[in-house]
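Structure, as structure tokens:
Just so it is clear, the structure is predicted and the values come from calculations on it, not from any experiment.
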Amino acid sequence: MGIIRTALLTGIYGVTGSVASVGAGMAYLAAGTTLIDLTKNDPMFKTKTYAKYNPKGNPALQDVVIKRVPLRKIRPELRDDEEALTLEFCRGVWSRWGFWVQSRLQERYDKPPGTDDNLWRTSELALAKYETGLRFSNHFEVVNNEGNEIAVRCGASPLEAGLRNSDGLVFLSAKIDKEAQQAEFRLKSALFSSAAPFVAGAEHSIPPTGTFLHRWYVRILVQSAVGNVKS
């Protein structure tokens with residue numbers, strides 16, 4: 001939680017350029033991105049990936065951040081290729097200023113034996129293809145890549161392959177709307193305990209502070225990422 005808190009505050013400073021402007025930074029993020037709770041009918045919950053990593057259907061903190069950008073502002077080579085646009089959006093999420101602080105802190109404080117196959121630097125993440133099996137920062141693993149949607153497992157070390165007390169999934173995608181002349185970027189996330197016993201009617205176990213940090217951090221990641229697809 002301390003790593004995410006530090007990354008969040010640094011990200012907001014990065015948006016505004018000053019500690020005194022944290023409120024302005026949050027207002028800017030809120031105006032530039034849309035965050036809504038996911039309903040149980042969302043296609044994410046019907047995927048094999050979600051069923052595999054949350055097999056008990058335990059309750060999750062589940063939301064999506066949406067960012068729309070006019071096509072004229074997108075790099076020309078990406079305007080007709082959703083798979084290429086999704087990949088560059090994914091690269092932007094993990095390689096730009098929004099994730100830079102967390103990547104450095106994970107490398108410094110959370111690099112145990114057995115993680116030599118991980119990517120650690122944002123310069124590496126900027127070039128990665130995000131194929132299934134890619135691990136990075138001892139906290140993330142690509143568990144599915146369908147071209148126009150990339151799923152990343154989070155919440156704990158990829159070394160912990162089974163069910164976890166702290167678990168989660170991030171789904172990244174980009175859509176091109178020719179009629180509206182815009183690109184729509186989505187970061188869906190679900191945080192849950194896959195190891196906990198299922199209790200009917202229970203709510204997710206993320207504490208209020210964790211929920212607050214998560215919901216601003218995912219906005220930062222999306223706002224930062226779109227800089228990677230703009231011309």
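- Separating the OG1 atom in Thr86 from the CD1 atom in Ile150 is a distance of 6.5 Å, to the nearest 0.5 Å.
- With values rounded to the nearest 0.5 angstrom, Glu124 atom CD is found 10.0 Å from Leu134 atom CG.
- Listed by chain and number, the residues in a salt bridge (charged side-chain N to carboxylate O under 4.0 Å, His left out) with Arg79 amount to none (sequence neighbours excluded).
- Ion pairing of Asp177 with Arg68 is absent here, as no side-chain N (NZ or NE/NH1/NH2) approaches a carboxylate O to less than 4.0 Å.
- If you look at Tyr130 and Phe89, their ring centroids are not closer than 6.0 Å.
- Taking all atoms of both residues into account, the shortest heavy-atom contact from Lys188 to Pro43 is NZ-CD, 4.3 Å.
- Applying the salt bridge (Lys or Arg N to Asp or Glu O under 4.0 Å) test to residues at least two apart or on different chains, the pairs with a partner in residues 132-143 are Arg135-Glu141.
- Proximity of a side-chain donor or acceptor of Ser95 to a complementary backbone N or O of Leu125 within less than 3.5 Å is not detected.
- Closest approach of Leu119 to Ala128, counting heavy atoms only: CD1-CB, 3.9 Å.
- Side-chain contact annotation: Gln223 with Lys67, donor-acceptor N/O pair under 3.5 Å present.
- Counted by atom type alone, Glu88 and Asn228 present one or more donor-acceptor pairs between their side chains at under 3.5 Å.
- Of all non-hydrogen atoms in Arg153 and Val143, the two that sit nearest each other are CB-CG1, 3.8 Å.
- Looking at Asn118 and Asn138, their side chains never bring a donor and an acceptor atom within 3.5 Å of each other.
- Distance check, rounded to the nearest 0.5 Å: CG of Leu87 to CD of Glu131 gives 9.5 Å.
- Side-chain contact, Glu146 with Asn144: a donor N or O sits under 3.5 Å from an acceptor N or O.
- Note that the NZ atom of Lys46 and the CG atom of Asn41 stand 5.0 Å from one another [nearest 0.5 Å].
- Formation of a donor-acceptor pair under 3.5 Å by the Arg164 side chain with backbone atoms of Cys154 is found in this model.
- At a cut-off of 3.5 Å, with distance as the only test, no side-chain donor of Arg186 or Ser173 sits close to an acceptor on the other residue.
- Ring geometry for Phe99 against Phe140 counts as perpendicular: the plane angle is over 60°, on a 0 to 90° scale with 30° as the lower cut.
- In this structure, Trp120 has its ring center at least 6.0 angstrom away from the ring center of Phe136.
- In this structure, Glu184 does not pair ionically with Lys175, as no charged nitrogen and carboxylate oxygen lie closer than 4.0 Å.
- Nearest heavy atoms, Asn58 versus Ser193: ND2-O, 2.7 Å.
- Remark: side-chain polar atoms of Ser137 are not paired, donor with acceptor, to backbone N or O of His139 under 3.5 angstrom.
- Checked by atom type and distance alone, the side chain of Thr47 pairs as donor or acceptor with a backbone atom of Met44 at under 3.5 Å.
- With hydrophobic clusters built from ILVMFWY side chains whose heavy atoms lie under 4.5 angstrom apart, Ile176 shares a cluster with Val69.
- A distance of 8.5 Å separates CG of Leu191 from OG1 of Thr211, quoted to the nearest 0.5 Å.
- How far CG of Leu85 is from CG of Leu78: 5.5 Å, rounded to the nearest 0.5 Å.
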| task | Apply ring pair (Phe, Tyr, Trp, His ring centres under 6.0 Å) to the pair Tyr217 and Phe212, showing each step before the final yes or no. | result | CA-CA 9 Å; Tyr217 192 36; Phe212 174 84; over 10 Å; no
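- Each salt bridge (Lys or Arg N to Asp or Glu O under 4.0 Å) pair with one or both residues in residues 204-215, not counting sequence neighbours, appears once here: Asp37-Arg215, Asp63-Arg215.
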